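A quick note: this is a predicted structure, and the numbers were derived from the prediction, not measured.
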Amino acid sequence: MALQIVAACVNCFACVEVCPSGAIVEAKPHFLINAKQCTECDGEYADPQCASICPIEAAILDASGVPLNPIGSLTGIPLALLAAREEVHHARS
Amino acid sequence: MDLKLDEATQQGTAQKGCAASGCGSNDQQLSHLPEAIREKVFNHPCYSEQAHHYFARMHVAVAPACNIQCNYCNRKYDCANESRPGVVSELLTPQQAVKKTLAVAANIPQMSVLGIAGPGDPLAQPQRTLETFRMLSEQAPDIKLCVSTNGLNLPNVVDELCEHNIDHVTITINCVDPVVGEKIYPWIFWNNRRIRGRKAAEILIAQQQKGLEMLVERGVLVKVNSVMIPGVNDEHLQEVSRLVKAKGAFLHNVMPLIAEEEHGTYYGIMKQRGPTAKELQALQDSCAGDMNMMRHCRQCRADAVGLLGEDRGAEFTLDKIETMEIDYAAAMEKRAQVHAAIEQELKAKQEKPAASVVNIPLSTLKKAPAKRPVLMAVATKGGGVINQHFGHANEFLIFEASGIGVRFIGTRRVDQYCVGQDSCNEDETTLDRVIKALDGCEVMLSARIGLPPYEALEAAGILPISDYAMEYIEDGVLGAYRQLEEMGRLAEQLHTGFSVA
């Protein structure tokens, strides 16, 4: 039972200090969660602390690989607008 | 010079701890800045229009974590060509930040201020910020330290902040009403939970106000920054201004929202527009009252280095400062000498009326004779002189000339959003952007200007004048105003519909 940080992470350190288990590793290119230490904050807090402060959508996944903060959930930007933006980026590059 | 050095050192030591400062009384902070505050801010480039041409500042990016989300911020963004808050290229450890500060202060002896402004919230997880301050107040006691914050964690950190050499704190307060706040802040992290909506705004506002009160009680100077978001908090900011002024903030700085789609922020993508220069000025005027407004704010990056309006950060990257050899004691002595010389120059200028900006209170302006006021843009490299070629200007100082004198209105930047990036504003030429930035101005004063831009400005209703090259700005602005009068243009009704109410 452990959470996972994936490539969307911007290494902002916010999760490092709020993790009660010291499970966040300052790795490059992005931070990682030491699965052996992570408790998902079970028994300590109502919500996993890293995912409660993380500002980046879809950067932290639960044990089954589902984002704890899905796309659009933190910024409130409508998904259709985000998708349109992605297309423009692809067209440009 | 020895005497000046002692003074500088003493000043640095005396300001350690909040109790040493003589300010804190509310009524003193109204009207004009009291002597104690003026003494503190005279060499702070961010607080004094005059000082910012002479003294330099730097930000060190040691604070990456944030505890709230603002709709104008995107934590993923880093573009070296871009200048706006929250954007940095290189995150520093406190040790690296101290090294960088000492290196910059040795190479740019005009440096007087070190600020921590992000790229996250410097007080959200304050250890890195406080450690940097602790080391700097020991190793560079002549450098003033300041910090900016969203205020959420400020009340918890006030006493620790006061242990260091901090004499200025900036709180970004965009609202005092949670109904407005929930349109600006989608969430905060508070008591181990992510809190959203109106409740989040309520908590944030309460913490900001509490933090402001605690700092004022302890005699720390507090500046309040507000981001003007048209249709969201623009009208509300007058109330914010009244409240923070009543609580003892010594400056209120209303800044325009920067929101472009390519920044990927909520406001950028939702096409929330920023204010026009006219709207910003009108709000700054109506908030001003008897309180000082900061009209020369450049909305710097969280890792900016140098004089305001320039960024020498690239000269002081980590690998470059590694190779620098610095004699810290000698550097501090040199700074004291340079600062003393600048101080002398500033004092001399104050005694020479032509060289100082006449600040006329708005109440007087309203009763002014019927000759209408005119906005003029000035290209200057500093020193209070019209000394820059139009084509080299990245920003313009805006002055208002009227029947009763000249007053400084603010700055307009041309490179505000991005320069040299293919993806940014690709349909606009630089000249288009300059003309847009000068909207509302009827005159542009520069040392020189080429013929094609001359014609383009003229066609846009902005009269370029180079007759006052190398003259003092105020003399040039008044001279140009007289020229307009002789041309019969002051009697005309304003075609732009612009007025200073």
Side-chain angles (χ1 to χ4, degrees), chain A residues 6-21 24 26 28-31 40-60 67-93, chain B residues 61-78 86 88 90-93 118-121 124-129 152-153 182-197 200 261-272 421-424 426:
Chain A
V6 294
C9 166
V10 296
N11 303 13
C12 82
F13 282 82
C15 57
V16 177
E17 290 195 37
V18 297
C19 175
S21 318
I24 316 273
E26 293 179 35
K28 285 190 175 167
H30 60 83
F31 288 12
E40 299 188 9
C41 296
D42 196 22
E44 297 201 59
Y45 296 105
D47 309 309
Q49 293 299 287
C50 57
S52 298
I53 197 167
C54 179
I56 305 296
E57 293 162 348
I60 301 180
L68 288 167
N69 298 304
I71 300 292
S73 68
L74 298 183
T75 60
I77 301 170
L79 295 180
L81 286 178
L82 284 175
R85 202 164 168 263
E86 286 296 306
E87 273 170 34
V88 172
H89 268 272
H90 278 293
R92 274 187 183 156
S93 57
Chain B
V62 296
C66 196
N67 48 6
I68 72 173
Q69 175 70 49
C70 304
N71 278 334
Y72 44 75
C73 181
N74 173 8
R75 301 303 314 279
K76 291 183 219 170
Y77 209 89
D78 170 25
V88 297
E90 193 173 47
L91 181 71
L92 305 178
T93 65
D121 182 78
Q125 295 175 350
Q127 292 78 358
R128 295 167 66 104
T129 297
L152 182 61
N153 199 33
E182 68 179 332
K183 296 179 201 149
I184 302 171
Y185 308 103
W187 57 264
I188 66 170
F189 180 77
W190 178 250
N191 284 346
N192 302 100
R193 306 201 72 155
R194 198 190 305 268
I195 307 214
R196 299 169 189 265
E261 195 173 354
E262 59 264 29
H263 298 158
T265 60
Y266 174 85
Y267 282 148
I269 290 175
M270 301 302 279
K271 302 212 168 18
Q272 165 68 50
Q421 283 287 89
D422 290 340
S423 58
C424 303
E426 33 195 26

Calculate, to the nearest 0.5 Å, the distance between atoms [atom1] and [atom2] belonging to [X] and [Y] respectively.
{"X": "A:Leu74", "Y": "B:Tyr266", "atom1": "CG", "atom2": "OH", "answer": "13.5 Å"}
{"X": "A:Ser52", "Y": "B:Asn67", "atom1": "OG", "atom2": "CG", "answer": "13.0 Å"}
{"X": "B:Asn71", "Y": "A:Ile77", "atom1": "CG", "atom2": "CD1", "answer": "8.0 Å"}
{"X": "A:Leu81", "Y": "B:Ile269", "atom1": "CG", "atom2": "CD1", "answer": "7.0 Å"}

Item to complete: With a 4.5 Å cut-off on heavy-atom pairs, point out which of A:Cys41, A:Ala51, A:Ala8, A:Cys12 contacts chain B the most.
Response: A:Cys12
Worksheet item: Quick one: does A:Pro55's side chain get under 4.5 Å of B:Phe189's, heavy atoms only?
Response: no
How close do [X] and [Y] get, heavy atom to heavy atom, and via which atoms?
{"X": "B:Arg196", "Y": "A:Ser73", "value": "NH1-O, 2.7 Å"}
{"X": "A:Ile53", "Y": "B:Arg194", "value": "N-NH2, 4.0 Å"}
{"X": "A:Ala14", "Y": "B:Ala65", "value": "CA-CB, 3.6 Å"}

Fill in: Interface moiety of A:Tyr45 toward chain B, non-hydrogen atoms closer than 4.5 Å
side chain
Practice prompt. Would you confirm whether B:Gln69, through its side chain, and A:Thr75, through its main-chain N or O, come within 3.5 Å as a donor-acceptor pair?
Written response: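 No; judged by distance alone, with no hydrogens or angles, the pair does not exist.
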Item to complete: Start with the C-alpha gap between B:Gln125 and A:Val18, add the side-chain angles, then the distance that decides, and say whether side chain to side chain contact (heavy atoms under 4.5 Å, CB included) holds.
Response: CA-CA 9 Å; B:Gln125 295 175 350; A:Val18 297; 3.9 Å; yes
